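Just so it is clear, the model here is predicted, and its values are computed rather than measured. So that the names make sense, note that chain A is the first sequence line, chain B the second, and so on, each numbered from 1.
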Number of protein chains: 2
Amino acid sequence: MSATQSTLGKQMQAPNLGDTTYEELRDRLTRGVYRPGDKLTVRSVAEALGVSSTPARDAINRLVADNSLVYAGPKTVIVPVLTEADLREITYIRLALEGLAAELAMERRQPEDVENLMEIQTKINSALLAKSYAAALWHNKEFHFLVYRLSGMPHLVAMIEAQWLRVGPSFYGLYPHFAEERQGVRNHQMAIEAMMDGDRGALRAAFENDIREGYRQLRSGLLDGRIRS
Amino acid sequence: MSATQSTLGKQMQAPNLGDTTYEELRDRLTRGVYRPGDKLTVRSVAEALGVSSTPARDAINRLVADNSLVYAGPKTVIVPVLTEADLREITYIRLALEGLAAELAMERRQPEDVENLMEIQTKINSALLAKSYAAALWHNKEFHFLVYRLSGMPHLVAMIEAQWLRVGPSFYGLYPHFAEERQGVRNHQMAIEAMMDGDRGALRAAFENDIREGYRQLRSGLLDGRIRS
DNA sequence: CGGCTTCTTTTGTTGCAACAAAATGTGAAG
DNA sequence: CTTCACATTTTGTTGCAACAAAAGAAGCCG
């Protein structure tokens, strides 16, 4: 279970323990193992992942570097509890970056890509019906990043993924409420149709809509404290 | 000499040696101390900066994490030698991010900001006239980031800075040729005027033009090998 | 003289321990 | 019951040494 992990197609060198720990922590973050406000210490991570303190520290530092974890005090790193301002900024960045990726994806799409997209959407629908929200969340991510990867720009995709990682834990806490009221299905459908038609503007609009809807949901969840730790 | 350094207004904790080393390396990278293709080793950095291997390794890892340094082999990190594809991707990202920042800056600008901008532009002109290209480069960065910071979005600014850091070393190698033929002065002038008029689209266009011109220069410099190590 | 193999040196990785500083728990006083 | 000060514990930092692996140099064979 790791679809969008090794996003960067860079010169691959033997992955070291620090990288492994980093990936594992990322995974747990997106899976909702840790919730906003949870504290992460070097030693606890080291023990939980079965490594020594050095790679554990490496991993935490990297997560902090890309804001997937934040400092709550001089010696305490926690899973970020998003403020309204944070959410607003992330949304603007997402609109710019994911909008760009979507437009670029249009030029490189293959017929089979649309097929795959529809297939993933089927999985999302099934998962929602079965109330398997974790699975729905997963396939939703698959849907988006299948498109983004089509842009052919690995760093762009990595930057987008970093933003998803920032909202991930908060997002997870909002389920299943979010999935229930969700109209994302409609946005996805529009994205698929836009892709078939080759309508670049429509594709971007579909994704922007999806992002904006997520923003509204998350924001209202934030305001009445449904998310906090 | 450090204008755009502590971009993130996050919860400040006592900066540790690793952070210091990271900042110092960043500075040297933007200053052209290291050139594309140069190899950086843990021990050499540790000695050069007068720290032990642990913080040196921390710093290098962080630089690699945000692509300011790249792997050339399993055990060799070098200052990136940009490919045409790299440059293209960076430019797209810059257009999206810096365009966004410029638009947002418009809403928060104060009259004094325009003053400061004009002041910086004067410094750029003087530096160009005196052929002090390093200074011109520096003030150019000041100009851009003064605007970007007005967006009020610290993470956005940090992401933009990361992109600048990627092209920094290659850019530096292109001087003074770049500065000579430069029409950036005109773009900056248009940006200032757009800001006075409150014309958001014009402000964005001015910055996009600047980015695109830089792209063309850098690309042609890349193609006839004026940049390589 | 060129290409390949082998050997030496360099280099990243990782675990660990000592240190300093912050966080937490405890208790007393108001 | 709250608040503040103190003591204890937890936690991040950092230097270092041993290990493994890769890079670079030297030598050998074709």
Side-chain angles (χ1 to χ4, degrees), chain A residues 6 8 10-26 28-29 34-81 229, chain B residues 6 8 10-26 28-29 34-81 229:
Chain A
S6 59
L8 280 186
K10 65 172 139 183
Q11 192 93 346
M12 270 305 166
Q13 85 282 3
N16 51 15
L17 259 190
D19 292 336
T20 311
T21 308
Y22 171 73
E23 297 285 358
E24 176 60 28
L25 271 187
R26 272 176 62 117
R28 299 198 177 194
L29 239 24
Y34 300 109
R35 301 180 62 90
D38 282 5
K39 190 169 69 173
L40 290 185
T41 69
V42 172
R43 286 169 176 84
S44 69
V45 169
E47 194 190 8
L49 279 282
V51 295
S52 96
S53 65
T54 308
R57 186 173 171 275
D58 277 2
I60 291 181
N61 276 341
R62 287 181 59 179
L63 262 339
V64 169
D66 45 48
N67 287 294
S68 301
L69 296 178
V70 298
Y71 278 95
K75 282 200 170 181
T76 17
V77 297
I78 63 170
V79 179
V81 179
S229 70
Chain B
S6 59
L8 281 186
K10 65 171 136 181
Q11 192 93 345
M12 271 306 166
Q13 86 280 6
N16 52 15
L17 259 190
D19 292 337
T20 310
T21 308
Y22 172 73
E23 297 286 359
E24 176 60 27
L25 271 187
R26 271 175 64 117
R28 299 198 177 193
L29 238 24
Y34 300 109
R35 301 181 61 92
D38 282 4
K39 190 169 71 174
L40 290 186
T41 68
V42 172
R43 285 171 176 82
S44 69
V45 170
E47 194 189 10
L49 279 281
V51 295
S52 97
S53 66
T54 308
R57 184 172 172 275
D58 277 3
I60 291 181
N61 277 340
R62 285 180 61 179
L63 261 340
V64 169
D66 47 46
N67 286 294
S68 301
L69 297 177
V70 298
Y71 277 95
K75 282 200 170 179
T76 18
V77 297
I78 62 170
V79 179
V81 180
S229 71

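In this structure, B:Tyr22 places its OH atom 16 Å from P of D:dT14, rounding to the nearest Å. C:dT13 atom P lies 11 Å from atom CZ of A:Arg62, rounded to whole Å. Rounded to whole Å, atom P of D:dT10 lies 18 Å from atom CG of A:Leu40. Nucleotide C:dG15 holds its P atom 11 Å from the CG atom of A:Asp58, rounded to whole Å. For B:Leu49 and D:dT14, the CG to P distance is 13 Å, given to the nearest whole Å. Remark: P of C:dT11 and CD1 of B:Ile78 are 15 Å apart, rounded to the nearest angstrom. Across the protein-nucleic acid pair, B:Asp19 atom CG and D:dG12 atom P stand 14 Å apart, rounded to whole Å.
Under the 4.0 Å criterion applied to side-chain N and carboxylate O atoms, A:Glu47 and A:Arg43 are not assigned as salt-bridge partners.
Nearest-nucleotide assignment on DNA chain C puts the 5′-proximal partner with B:Val42, out of B:Thr54 and B:Val42. Heavy-atom nearest nucleotides on DNA chain D were determined for B:Lys39 and for B:Arg43, and the one closer to the 5' end corresponds to B:Arg43.
Atom-to-atom distance recorded for B:Leu49:CG and B:Leu25:CG is 5.5 Å, nearest 0.5 angstrom. The CD1 atom of B:Ile60 sits 9.5 Å away from atom OG1 of B:Thr21, with the distance rounded to the nearest 0.5 Å.
Side chain A:Arg57 to base D:dG12: no donor-acceptor pair is found below 3.5 Å. Between the base of D:dG15 and the side chain of B:Ser53 there is no donor-acceptor pair shorter than 3.5 Å. Side-chain atoms of B:Lys75 come within donor-acceptor range of the base of D:dA21, with a qualifying N/O pair under 3.5 Å.
Across all strands, A:Thr41 comes closer than 4.0 Å only to sugar-phosphate atoms, never to a base (heavy-atom distances). Nucleic acid contact class of B:Ile60 (heavy atoms, under 4.0 Å, all strands): none.
No donor-acceptor pair under 3.5 Å is formed between the side chain of B:Asn61 and the backbone N or O of B:Asp58.
Evaluated for a side-chain contact (heavy atoms from CB on, under 4.5 Å) with B:Val70, the options B:Leu63, B:Thr76, B:Ile78, B:Val64 yield exactly one hit, B:Ile78.
Distances were taken from every side-chain heavy atom of B:Pro55 (C-beta onward) to each of C:dG15, D:dT13, D:dG15; the shortest belongs to D:dG15.
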